[in-house]
Structure formats: C-alpha cells, structure tokens
Q: 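First the structure, which I've put down as structure tokens, then a few questions once you've had a look.
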Amino acid sequence: MITALPKRLTSPRSFVTLLVLAASGAACTPASDDVNLTGISGLGTSDGATEDTGSNDTGTDEGTTGDPDPNCGPQPPQCAELIECLSVVLPDIDVSDIEPGGSCWCGTTQDAIECRDLCVDQLEIVENQYPNVEECGGGSTTTDPTGDGDGDGDGDPGPLPNLTLDQFYLGSHLLAPGAAVNYYFELVNNGPVDTMWVYQDRVILSVNDVFGDDDDFVIHAGAFEFIVEANENYLYYIPITLPDDLVNGEYYVALELDYTNVINESDETDNWRFDADKLVIMGEASVDLAPSDALASEYAVKTGTPTDVSVTVDNLGLDDIGPYTVRFYYSSDQNITNNDTLLCSVNAPGLAGNSATVVEDQCMVPELEGDYYLGVIVDPSNVIAETDETNNIAFDPALVTISPLDVDLQPSMIGTGSLSVGADDLVAYSATVTNNGADPTPPFSIAFYYSLDANITQADKLICQVNGPALQPGASAPINTNCDVPLIATANYRLGVIVDPNNVINETNEANNTAVHPNSVSVTAPIVDLEYSFHGDNLPFFANPGQNISYTLDVWNNGSAPSGPFSAKMVWSVDANITNGDIEGCTVALASIPPLTMAHYVFPCTVPDFQIGNYYSGAIIDPTNAVPETVENNNIGVSFDAQIFN
C-alpha cells in the first residue's frame, strides 16, 4: 500500500497492476457467456463506433489487430500502437499481457476496459515523451529513436523526466526482527515531462555505509504504480515488514528508485537517498554456548596439587555474548551436574557470534581419591538466555585417577637478626622448611609470630607471612625475610613460625608445622599513654532516640612517643559504669597525638534507636587495646548526668 501525505497522485492505474489482477484469476481461459469480451463496444475500434456481432470473431472486426485467441477478446488498436512504440524506446518492457490473446483480453469485461483505458493514457504519455520517434507517432525514424528529429543518429535526448528523493527515513529506528514499520519519502520529478511507466523501488540495508558491495540486502521491493508529473514533489509512506531472521545490530538504510532502469531519465545517478539515522535491530539475543573437547592435562594427579584443564567453547548463535562463566568439575560418572565436585571456575570475557575460543585454567586438585571424569558446564547458573540450553555440558572421556598427596612440611632452625628490638624496627627473620613426605609439595606459606609463651598459635602477634617454594621429597629450603616489628607492649617474647598456617595443603602429619626460637626476644614499645579527658554533645535536655548528634572529645597522650592512629568508641549506659558491653553509638578513627599533648576532636554520630529512658553518655579510648600503653586504666570517661530520652 502506498499512501500519500498530504495528496496522492490521481493518475490512472498502470495496466501492470491490472495484469497482475488478471493473472490471479482465470487468465487466458475461454470466456463464458456472461464474459464475452468480443462484443464490447469501443474495444475493436479507435472511435468506439463499431459494434461486434456477438460471435467470437477471429480478427475480422474493423480496427482490431493481430490474430487473437478465438476464446478471448480482440486487442484494441491503442494497445498495438503502444507496443510498437515501446519496442523502440523501452524494448525490455514485458507487454505480453496486452498483446493479442494476452491476459487483459481473456479475463473479465471490466479488466479489458481498464486495460484499454490504460493503453490510451500510456500511449499519450509516451508519445509526448518521445515526440521525434516515428513508431511513437513522431516524424523521425528508428535510427534516431531519442533524437531531436534531425536524423543524424547522434542520440541527443529529447525532454526526459528525472526522479529523485528529497527525503527518506524510517518511522522508527529501534525495531525487532519481523516488526512492521513505515518508510517515508518525498518523491520528486524535476524533469520537464511526466514519468510514463510503472517502475520498481527497493529498500536496502547494509552493515556499512557503502551500498553496492556484498553485505547489502533488500528488505523490500515493490512497484510504484503512479505517474509522477513534471516538476512535482509528493510525500508518501509505505508500510513494510522486516524479515524475521534479521540479525541484531546496526544497519544503514537506503531507498533506491527505478532500480531496474525502466524510466529513461536525464540523470540516472540521483535515484538514491540514505536515512540519516541508522536502524538498530534489537530482538531476542541469538546466543548458544556449546562446550566441546574438554581436556585434562594429566590423568594421574595428587590432591592439593595444581593441574591444567581446558575446553573449547563455541557461540553457535549470531549475536555476541558478554562475560560468562565456565566451571570444571570432577564427576564419578559422565553425567556432569552442579552437584559434582568443583575443580575451579573461570570468568570468560565474552564471545562473538559464530566464533569459538579455548578456555583454560590451572586448578588445585580437591580432596578426592579414586577415578573421576573431568566435566565442564558453561553458564552453570543459567544466567544467559540461550537458544539451546541443552548443550552446555562436555566431558573428557578418559578417567583421571586421584590419589592422596604424601607430603609433610616441618619447620626448624628459627632465626632472628636481633634478640632486642623496638616497635617498627626492620628485623631479619629466618627458618628452614623440610618436606618429609614421598611426593613433591606445592608452594607453601610460612608465618612468623611473637608469643608470650612457647606455644605458637595464630592467636599470637603476627609479624609477617611469606611464601616458600615447592619441595621435592626429602628436600629442605631456607626461608629468609625482613619484616617490621609490630606494635606490641614492652615485654619478652618467643619467636615462632607456623608452616601452612591456613592448612591449605593436606599433609600426612599436621602436628609438626610449628617451631620456636630457643631464646626470648626483648621487644620495647614506644612510651604511649592515652588518657580520656572530656567529652560532650549537642543534644537538648530532652532528646529522641535515633537523632543525629555531634560529639567533642579531648584525649591526652602522656607518653614520650607519638600514639599512632587509634579509635574511640561512644556508648550509652543505663548506669555510670561504662564498659565495652554498653550500647554503642559509633566508633571513630582518630589521628595520632604527639607526645605530652592533648588533642581536641569533633565528629558526628547518631543516637541508637533504643527504648526511651535515662542514659549516661560514655567514651572508651582505644577500645580494642590496639595501642600498647604504659597505663591501660585511664581510657574511659562518663557524663556527669544522665541524658533524658522521651
């Protein structure tokens, strides 16, 4: 359907349309008694005065031409003249439907009348457009069919139309495949004569801004069935439906007029117009992740050791896919599920449509024993909507044998660069680690601690933690590092180590992972004494639970060294005995205080949403005892009176 905005051309329908209608019926079939075309007045003569006798005459009527089918009506002379003219000026035009015995004369009476009228109209137009062509009623000869009548055959064109476009755009530029959309265009004939024939236009999509290359494809083609008058322009819109299989993405859009070059124009290069905006196709994503070729790098592995795995992942869909997850499993059978033992998980960055990639990782063998299949699940949580959710699993058909790791890490020969150190001193620490097992160990970690006794645990004060190398059976490795002495209270400590402190490695003996230096280490902390001085707030006499509050807090450092950063905890208590167990309002981080200095702090807080009543306001300096102090019993303060909350 072609709709004009605001006016539609009123020229008669072209006979091409009528021929299509005739072809859809019983074209060229014998006429029945009530559709006897041979007796229609005016069809057999140019002036319409001759009447038929009513019989199926074989071309003896005055004014008829050719040798028509006796079962069809005669061909009017105007159509014969039109055919003769077109054979010279537009020889590629198919005129079979108006030839003697054509479908125009074998259909209904109304079809024949309309075809005759169209021949008359089109003949007038073509004669006006080619006034010097003898076959079109002009005075020239066919040696100079488009000339100016001088007979020199130089091909000088006569007056010609020129079709072009002043506007072209789609009604919407964000659509799904299969969507309906109108395209709008302003059709212009800036030539001095009317167009004289039906022509074809088409809408073309391209993935780039070059039209005419291999990536173009037509989404609509149709006949424009109206005469475009000289020096006229018209606004039209035509509804079309996009292909259902249009791939998501961005497209350039163009409209091409008369792409079969039916109309001879003064300029054949301006029949294109491009939409200024690109068309974005956004339908359901066509993605399909399919793993294959799952491979284990080795088929006899030890628990707790690294092993390499890989899988090929194909995106069988047309669209690109964003990040996705690939999980590797050990399974007792070939039915791989999320309930199998997870080996490792990989976050893949994304995959283009119709492409493949290899996903690989190095994983730690879990605590299993026996024969297992290496399995893979892509998108195991079904986060990505795929066209096929049944092909996300693959496995290596060869069994992997897993056996326990026979390793035993034992530290010894603990050393230190000094047995008398101060907080923040950089000190050398050392130890030797031996593998007493029959298998090589994976790389391990070792942690150094200061402890108040010879029983070294993770609850002691951590100095630092470093990594050690993999060890062959019976091999030893020295561990040497330099670390800062942590801030702890002045005292004598034991230096100890723990190998594999987080039990990452499964060992045959887990009881021999600690060792201690035979001598004590004297640690001297800086002299710091944080003392509560005063605190206040801006609450009214009657306050509300949950309201905002601003605190002021004064704290002294009575020591001879800077305190370092510390924290203060503001609490509310039903009595004047302030403890860490009271209701916390907030805990704030405070800056270091120089020696022998009082610091004044101001900070916001919020009153807890507790029950109404009377509460004392309290402050606790260094509530977790993170700062070693010479005096620890002067860190708490309380308000003189209880605050009323109602």
Side-chain angles (χ1 to χ4, degrees), residues 423-424 450-452 457-462 486-491 523 525-646:
D424 291 333
Y450 280 135
S451 174
L452 290 173
T457 71
Q458 287 183 286
D460 292 322
K461 187 65 176 181
L462 177 66
L487 184 62
I488 54 178
T490 299
V523 179
I527 298 175
V528 176
D529 177 20
L530 294 172
E531 180 183 8
Y532 167 86
S533 178
F534 170 79
H535 83 280
D537 59 56
N538 64 344
L539 290 177
F541 185 79
F542 295 102
N544 298 316
Q547 75 177 78
N548 294 329
I549 183 175
S550 178
Y551 279 113
T552 60
L553 176 64
D554 295 337
V555 181
W556 275 95
N557 176 11
N558 299 318
S560 59
S563 67
F566 64 98
S567 62
K569 182 179 181 181
M570 312 307 293
V571 299
W572 295 93
S573 175
V574 295
D575 54 41
N577 182 28
I578 303 300
T579 69
N580 268 316
D582 290 324
I583 302 172
E584 180 180 358
C586 59
T587 298
V588 294
L590 302 175
S592 176
I593 304 176
L596 302 175
T597 302
M598 187 192 78
H600 179 75
Y601 303 96
V602 179
F603 50 89
C605 192
T606 302
V607 176
D609 192 16
F610 43 48
Q611 292 183 348
I612 60 174
N614 297 342
Y615 293 87
Y616 288 89
S617 174
I620 305 175
I621 310 302
D622 188 30
T624 61
N625 290 323
V627 179
E629 301 179 61
T630 56
V631 180
E632 294 284 3
N633 60 6
N634 58 354
N635 288 10
I636 295 177
V638 64
S639 61
F640 294 107
D641 299 310
Q643 172 71 51
I644 301 174
F645 291 94
N646 58 10

Q: Would you mind listing every side chain to side chain donor-acceptor pair (under 3.5 Å) that reaches into residues 536-546, with sequence neighbours excluded?
A: none

Q: List the residues meeting side chain to side chain donor-acceptor pair (under 3.5 Å) with Q458, not counting sequence neighbours, and say none if there are none.
A: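 Side chain to side chain donor-acceptor pair (under 3.5 Å) check on Q458 returns N502.
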
Q: Q643: which residues meet the side chain to side chain donor-acceptor pair (under 3.5 Å) condition with it, sequence neighbours left out?
A: none

Q: Could you go through the ring-ring contact (aromatic ring centres under 6.0 Å, His included) check for F610 and F645 one step at a time?
A: CA-CA 9 Å; F610 43 48; F645 291 94; 5.0 Å; yes

Q: Pairs under 3.5 angstrom only: tabulate donor-acceptor contacts from the side chains of residues 623-631 to other protein residues two or more places apart or in another chain.
A:
unit_1 : atom_1 : unit_2 : atom_2 : d
E629   : OE1    : L530   : N      : 2.7
E629   : OE2    : N635   : ND2    : 2.9

Q: Would you list the atom pairs, donor with acceptor, under 3.5 Å between side chains in residues 593-605 and any protein atom, with sequence neighbours excluded?
A:
unit_1 : atom_1 : unit_2 : atom_2 : d
T597   : OG1    : P595   : O      : 2.8
H600   : ND1    : D554   : OD1    : 2.4
Y601   : OH     : A591   : O      : 2.9

Q: Residues two or more places apart in sequence or in another chain: which of them pass side chain to side chain donor-acceptor pair (under 3.5 Å) with S573?
A: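 Residues passing side chain to side chain donor-acceptor pair (under 3.5 Å) with S573: D575, D582.
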
Q: Applying side-chain contact (heavy atoms from CB on, under 4.5 Å), name anything that partners D609, two or more places apart in sequence or on another chain.
A: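 D609 satisfies side-chain contact (heavy atoms from CB on, under 4.5 Å) with P545 once adjacent residues are dropped.
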
Q: Is it the case that more than 12 heavy atoms not belonging to I549 sit under 6.0 Å from its CD1 atom?
A: yes

Q: Minimum heavy-atom separation for Y616 to A576, with atom names?
A: CD1-N, 3.8 Å

Q: Y532: what forms a ring-ring contact (aromatic ring centres under 6.0 Å, His included) with it, not counting sequence neighbours?
A: H535

Q: List for me each residue that meets side-chain contact (heavy atoms from CB on, under 4.5 Å) alongside F541, sequence neighbours excluded, and say none if there are none.
A: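 Checked F541 against side-chain contact (heavy atoms from CB on, under 4.5 Å); matches are I644.
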
Q: Please enumerate all residues that pass side-chain contact (heavy atoms from CB on, under 4.5 Å) together with S592, with sequence neighbours excluded.
A: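 Only P562, S563, P565 meet the side-chain contact (heavy atoms from CB on, under 4.5 Å) criterion with S592.
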
Q: Can you pull out every disulfide bond (SG atoms under 2.5 Å apart) where at least one residue sits in residues 527-559? Sequence neighbours excluded, please.
A: none

Q: Taking only residues two or more places apart in sequence or in another chain, which ones pass side chain to side chain donor-acceptor pair (under 3.5 Å) with T587?
A: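 By the side chain to side chain donor-acceptor pair (under 3.5 Å) rule, T587 matches E584.
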
